[in-house]
Asks: 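Take a look at this one; I'll ask things after.
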2 protein chains.
Amino acid sequence: MEEHSPPQHYLRHETRREMIAAAAIAVILEKGAAALRTRDVAARVGINISTLHFHVATKSDMLRLVAETVRTAFEALLPPLPDPDRPAPDQLRAEVQAYHDSLRDRPELAACFAQLTQIAPSEPAIGALIEDFTRNWCARYVEILTLGRAQGSFRANLAPLPTALMITGALTAFGPRGPGGLAQFWPVFTEIERGLQARPKGGM
Amino acid sequence: MEEHSPPQHYLRHETRREMIAAAAIAVILEKGAAALRTRDVAARVGINISTLHFHVATKSDMLRLVAETVRTAFEALLPPLPDPDRPAPDQLRAEVQAYHDSLRDRPELAACFAQLTQIAPSEPAIGALIEDFTRNWCARYVEILTLGRAQGSFRANLAPLPTALMITGALTAFGPRGPGGLAQFWPVFTEIERGLQARPKGGM
DNA sequence: CCATGAATCAATCATATGATTGGTTAGTGG
DNA sequence: CCACTAACCAATCATATGATTGATTCATGG
């Protein structure tokens, strides 16, 4: 089904590794991480299995490569780190916008990420990488929320960490849903925003 | 490692199927769905592979059995359907409490559910079941939220579906996290609650 | 232009894995 | 208590799968 441009033999190590990562991601998307086979990846790249093993020692290595590739690609799409001097609501929106765009333009990333989450039990290195990324991602929201509370744009009784977990959790749910499932993305974010806003005074 | 009570031979079809489902769930929890092997399940139940195939025709069947078992067990833990005559905030809390308790008392359920998502691509029946369950689960929140808005306990500008997606998304994130990761559960819910509350008037 | 090594492949291995076959045993209805 | 069938198992099959071996080809620096 794939048309590998005619025997474009003899590519560089790093080039091949990138192609392998891309192919592995595609296979994971189509069949799920549970059905990932080194042979399928090799076939997709258009190389022999032994060639694949030349570039990527083991399947476990391949999975690490995929995880690192996805993580790096994801991080490259994130906006600049929170800036204490800009309004938090704007930064929150920018942060969410970046995530939205990643779902729209590179749906493989989040979908693959979700799949990788599941193989963590048998691949501790992957689990650690994912956990680390997730923590960092969440930390960005914690910062923005803390900032916004200090700036007075968010509720004074807002707890940054739980709120950040709520937001990242809600957003993560859009990952596995295909690019079509983005219809409710902004409505969901609008609700989140409403829930954060400072109230005109007079609680209860 | 497992001590199967001494050769308690000749159990009923349904009994064995339940044992098989339980064993499969345990294996999925320990090694992940990708590493699920019919042999491991049989060994855990304490039966021969051919006996396993006698009760469960194929691995695919076994997976469906697992999915249905998890779903049924999950649904059994849910509170009664939303009641238009009770205060929505109470019902919301009851709904969330039930989910919390399921995470605390039956962590296998949510964790296994999450694992099943990785075989969904190659097992459409599983995917459909998961999607269906998720939709129903979300619908419960939609009802409660709609009710609460009508009752005046929630913001008048609250959009039920997006908010329900937000809540279920945020809650789902606690599924894969083990029972230890529940520390932030109630803090997160508290934030959600605060975001829903009707404001004292005077928007903007 | 050739020697060297990086990149490639065909063939093969060892084991894992889902499934089947054919026969054995135990509980049960008559 | 016997016959019948549901439940069970040992042995085996066919294929899938991750990985290796040893030879081959291309690119390139000297």
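Order of the sequence lines fixes the chain letters, A, B, ..., with proteins taken first and strands second; residue numbering starts at 1 for each chain.
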Asks: Could you state the atom-to-atom distance from CD1 of A:Ile47 to P of C:dA6 in whole Å?
Replies: 17 Å
Asks: Measure from the side chain of B:Tyr10, starting at C-beta and using heavy atoms only, and say which of D:dA10, C:dG18, C:dT25 lies closest.
Replies: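 Of all the options, the side chain of B:Tyr10 is nearest to C:dT25.
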Asks: Among the nucleotides C:dA10, C:dT8, C:dT20, which one has an atom lying closest to any side-chain atom of A:Ser50?
Replies: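 Looking only at heavy atoms from C-beta outward on A:Ser50, the closest nucleotide is C:dA10.
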Asks: For B:Thr58 and B:Arg12, take the nucleotide of DNA chain C holding the closest heavy atom to each; which residue's nucleotide lies nearer the 5' end?
Replies: B:Thr58
Asks: Identify the two heavy atoms, one from B:Ala21 and one from B:Val66, that lie closest to each other, and give their separation to 0.1 Å.
Replies: O-CG2, 4.2 Å
Asks: Give a yes/no answer on whether the side chain of A:Asn48 brings an N or O atom under 4.0 Å of OP1 or OP2 in C:dT8.
Replies: no
Asks: Does A:Arg177 qualify as a cation-pi partner of A:Phe174, given the criterion of NZ or CZ under 6.0 Å from the six-membered ring centre and within 45 degrees of its axis?
Replies: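 Verdict for A:Phe174: a cation-pi partner in A:Arg177.
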Asks: Without decimals, in angstroms, what is the distance between B:Glu123 CD and C:dG18 P?
Replies: 12 Å
Asks: Nearest whole angstrom, please: distance from the P of D:dG18 to the NZ of A:Lys59.
Replies: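 Between P of D:dG18 and NZ of A:Lys59: 4 Å.
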Asks: Whole angstrom is fine here: how far is it from CD1 in A:Ile20 over to P in C:dA7?
Replies: 11 Å
Asks: Round to a whole Å and report the spacing from CD1 of A:Ile49 to C1' of D:dT21.
Replies: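 Atom-to-atom, A:Ile49 to D:dT21, this comes out as 15 Å.
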Asks: Expressed as a whole number of angstroms, how long is the span from B:Leu52:CG to C:dT17:P?
Replies: 15 Å
Asks: Quick one: sort the A:His13 and A:Phe54 rings into parallel, tilted or perpendicular, breaks at 30° and 60°.
Replies: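 Aromatic pair A:His13/A:Phe54 classed perpendicular.
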Asks: When you measure from the side-chain N and O atoms of A:His55 to the phosphate of C:dT8, is any distance below 4.0 Å, counting only OP1 and OP2?
Replies: yes
Asks: Starting at atom NE2 of A:His53, determine the distance to atom P of D:dT17, rounded to an integer number of angstrom.
Replies: 13 Å
Asks: Can you tell me how the ring of B:Phe185 sits relative to the ring of B:Tyr99, calling it parallel under 30°, perpendicular over 60° and tilted otherwise?
Replies: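 Rings of B:Phe185 and B:Tyr99: tilted, as their planes differ by 30° to 60°.
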Asks: Could you work out which one of D:dC9, C:dG18, D:dA7 sits closest to the side chain of B:Thr38?
Replies: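 In terms of side-chain proximity for B:Thr38, the closest of D:dC9, C:dG18, D:dA7 is C:dG18.
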Asks: Answer yes when B:Glu191 and A:Arg155 have at least one side-chain N-carboxylate O distance shorter than 4.0 Å, and no when they do not.
Replies: yes
Asks: Taking the side chain of B:Phe54 as heavy atoms from C-beta outward, which of D:dA6, C:dT8, D:dT17 is closest to it?
Replies: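 In terms of side-chain proximity for B:Phe54, the closest of D:dA6, C:dT8, D:dT17 is D:dA6.
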Asks: Just how far, in rounded Å, is P of D:dG18 from CG of A:Asp40?
Replies: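 After rounding, the reported distance stands at 9 Å.
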Asks: Less than 4.0 angstrom between a side-chain N/O of A:Arg16 and OP1 or OP2 of C:dT8, yes or no?
Replies: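 Yes, within the criterion.
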Asks: Check whether any side-chain N or O of B:Arg39 sits under 4.0 Å from OP1 or OP2 of C:dT17, and answer yes or no.
Replies: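 No, because none of the side-chain N or O atoms of B:Arg39 sits under 4.0 Å from OP1 or OP2 of C:dT17.
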Asks: Contact class for B:Leu36 (heavy atom, under 4.0 Å): base, sugar-phosphate, or nothing?
Replies: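 Sugar-phosphate contact only.
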